[in-house]
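So the structure is just underneath, and the comments pick up after that.
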2 protein chains.
Amino acid sequence: MTAPDIDPLSKRRLKMWIRLLGVARAAESSLREYLRVEHGTTLPRFDVMAALYRRRDGATMSELSRMLLVSNGNATAVVDRLEKDGLVRRTASETDRRTVYVALTPEGLRQFERLAADHEREINALFSDLSEQDVEQVTALLKRMGKGDKA
Amino acid sequence: MTAPDIDPLSKRRLKMWIRLLGVARAAESSLREYLRVEHGTTLPRFDVMAALYRRRDGATMSELSRMLLVSNGNATAVVDRLEKDGLVRRTASETDRRTVYVALTPEGLRQFERLAADHEREINALFSDLSEQDVEQVTALLKRMGKGDKA
DNA sequence: TTCGAATATTTTGAACTTGAAATATTAAAA
DNA sequence: TTTTAATATTTCAAGTTCAAAATATTCGAA
């Protein structure tokens with residue numbers, strides 16, 4: 001039904017995207033299940049904690065949602081739940097009363113470190129078919145894909 | 001002579017995954033916004049319609065959720081809304097009263113064909129930095145990654 | 001045939017996600 | 001100074017997502 005394609009590359013890019021999405025979703029599914037069954041937590045919670053682990057001194061809500069590519073409201077909701085569970089702490093900024101800093105609590109830090117090792121093992125198993133060269137190649141190509149980000 | 005490998009393959013696979021997830025999420029964000037602004041629809045709706053387009057004769061709910069890697073309940077909800085909007089039709093199976101077939105209505109088909117062309121253009125633009133060789137390489141590598149799917 | 005396992009779908013409750021609107025605050029401009 | 005624009009976060013409503021439970025039905029085995 002669609003008109004004959006003058007630019008077959010376009011179709012190939014589409015196929016590539018569909019495959020990329022498929023791989024990402026399948027791996028996410030696996031991870032989600034792993035986190036739920038083995039650690040009683042969820043991927044969004046893990047993502048927030050991982051971001052806060054990288055920013056040990058704390059990050060603002062805005063930084064957090066930018067790092068994770070999620071909306072502000074979303075970040076607020078997940079942080080609310082983590083805070084209620086004592087894994088994360090909000091601190092008001094001294095210099096700008098609009099700003100809130102979020103950081104892992106000691107308990108949050110302990111829990112995340114337990115999670116992180118298992119998470120890496122799980123990822124490693126999921127992609128165990130790829131050789132070192134494959135991994136480097138994919139990483140390099142993905143790096144180039146991420147460059148033109150305007151959003 | 002060479003430095004000891006302080007960055008084993010496991011860590012590289014993890015980095016690759018983080019980058020893969022980043023690229024996928026950024027592209028999904030773009031698509032989501034595009035579908036919302038230009039077509040007043042959402043990615044899940046598009047995904048369902050795309051699956052039904054590939055299965056023009058209709059698919060069961062189970063097939064649908066398997067194709068899209070989403071839960072049954074999720075598929076039910078999205079199909080409910082599409083049905084309410086007249087884009088999709090449920091039909092009871094003659095031979096198995098448990099089974100329901102879902103298919104695009106003529107209006108759903110028309111709308112999807114309008115969407116699909118634009119969607120392809122959008123994807124093509126998102127990954128315009130990649131040469132044909134790049135695209136083939138990524139596709140091939142992703143194909144290998146998807147092999148070990150046990151879920 | 002009847003019972004129990006397996007299959008197909010929907011329902012349910014909670015968490016997640018979004019975009020937009022509402023608040024509060026800061027910074028800049030007139 | 002006063003007003004306006006920009007920034008940071010939360011709240012809100014609607015939609016998405018999940019896993020588990022509930023229904024309904026089919027199928028296989030005793």
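Every chain is numbered from 1, with letters handed out A, B, ... down the list of sequences. Bear in mind that the values here come from a model prediction, so they are computed numbers and not experimental data.
Listed by first then second residue, pairs satisfying ring-ring contact (aromatic ring centres under 6.0 Å, His included) with a partner in residues 20-41 of chain B read Tyr34(B)-His39(B), not counting sequence neighbours. Residues in residues 51-92 of chain A take part in these ring-ring contact (aromatic ring centres under 6.0 Å, His included) pairs, two or more places apart or across chains: Tyr53(A)-Phe112(A).
Here Arg25(A) pairs with Glu28(B), Asp47(B) under the side-chain hydrogen bond (donor to acceptor under 3.5 Å, both in side chains) rule; sequence neighbours left out. Residues that satisfy the side-chain hydrogen bond (donor to acceptor under 3.5 Å, both in side chains) test with Glu83(B), not counting sequence neighbours, are Arg90(B). With sequence neighbours excluded, no residue forms a side-chain hydrogen bond (donor to acceptor under 3.5 Å, both in side chains) with Asn74(B). With sequence neighbours excluded, no residue forms a salt bridge (Lys or Arg N to Asp or Glu O under 4.0 Å) with Arg19(B). Here Arg89(A) pairs with nothing under the salt bridge (Lys or Arg N to Asp or Glu O under 4.0 Å) rule; sequence neighbours left out. By the side chain to side chain contact (heavy atoms under 4.5 Å, CB included) test, Arg66(B) is found to be paired with Ser62(B), Glu63(B), residues two or more places apart in sequence or in another chain being considered. In terms of the side-chain hydrogen bond (donor to acceptor under 3.5 Å, both in side chains) criterion, residue partners of Thr41(A) (sequence neighbours excluded) are, by chain and number, Arg45(A).
When heavy atoms are screened at a 4.0 angstrom cut-off, Arg25(A) is found touching no nucleic acid atom at all.
As rounded to whole Å, 13 Å separates atom P of dT9(D) from atom CD of Glu83(A). Summarising the geometry, the separation between OH on Tyr101(A) and C1' on dT9(D) is reported as 14 Å, rounded to the nearest angstrom. In this structure, CZ of Arg36(B) is placed 15 Å from C1' of dA13(D), rounded to the nearest angstrom. Look at CD on Glu33(B): it is 15 Å from C1' on dT17(C), rounded to the nearest Å. As a whole-Å value, the separation of Arg81(B) CZ from dT11(C) P is 13 Å. The distance from atom CZ of Arg45(B) to atom P of dT18(C) is 18 Å, rounded to the nearest whole Å. Between the C1' atom of dT25(C) and the CD atom of Glu94(A) lies a distance of 16 Å, rounded to the nearest Å. With rounding to whole Å, Asp47(B) atom CG is found 14 Å from dG15(D) atom C1'.
For Arg90(A), a side-chain nitrogen or oxygen approaches OP1 or OP2 of dT10(D) to under 4.0 Å.
Side-chain atoms of Asn124(B) do not come within 3.5 Å of backbone N or O of Arg121(B) as any donor-acceptor pair.
Side-chain contact check for Glu122(A) and Ser30(A): no donor-acceptor pair (N or O, by modelled atom type) lies under 3.5 Å.
Shown for residues 56-78 of chain A: residues whose heavy atoms fall under 4.0 angstrom of DNA chain D, namely Thr60(A), Met61(A), Ser62(A), Asn72(A), Gly73(A), Thr76(A).
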Between the protein and nucleotides 25-29 of chain D, which nitrogen or oxygen pairs come in under 3.5 angstrom?
| unit_1 | atom_1 | unit_2 | atom_2 | d |
| --- | --- | --- | --- | --- |
| dT25(D) | O2 | Arg98(B) | NH1 | 3.3 |
| dT26(D) | OP1 | Arg97(B) | N | 3.0 |

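Relative to the axis of its first five pairs, the axis of the last five pairs of the helix from dT1(C)-dA30(D) to dA30(C)-dT1(D) sits at 0°, rounded to 10 degrees.
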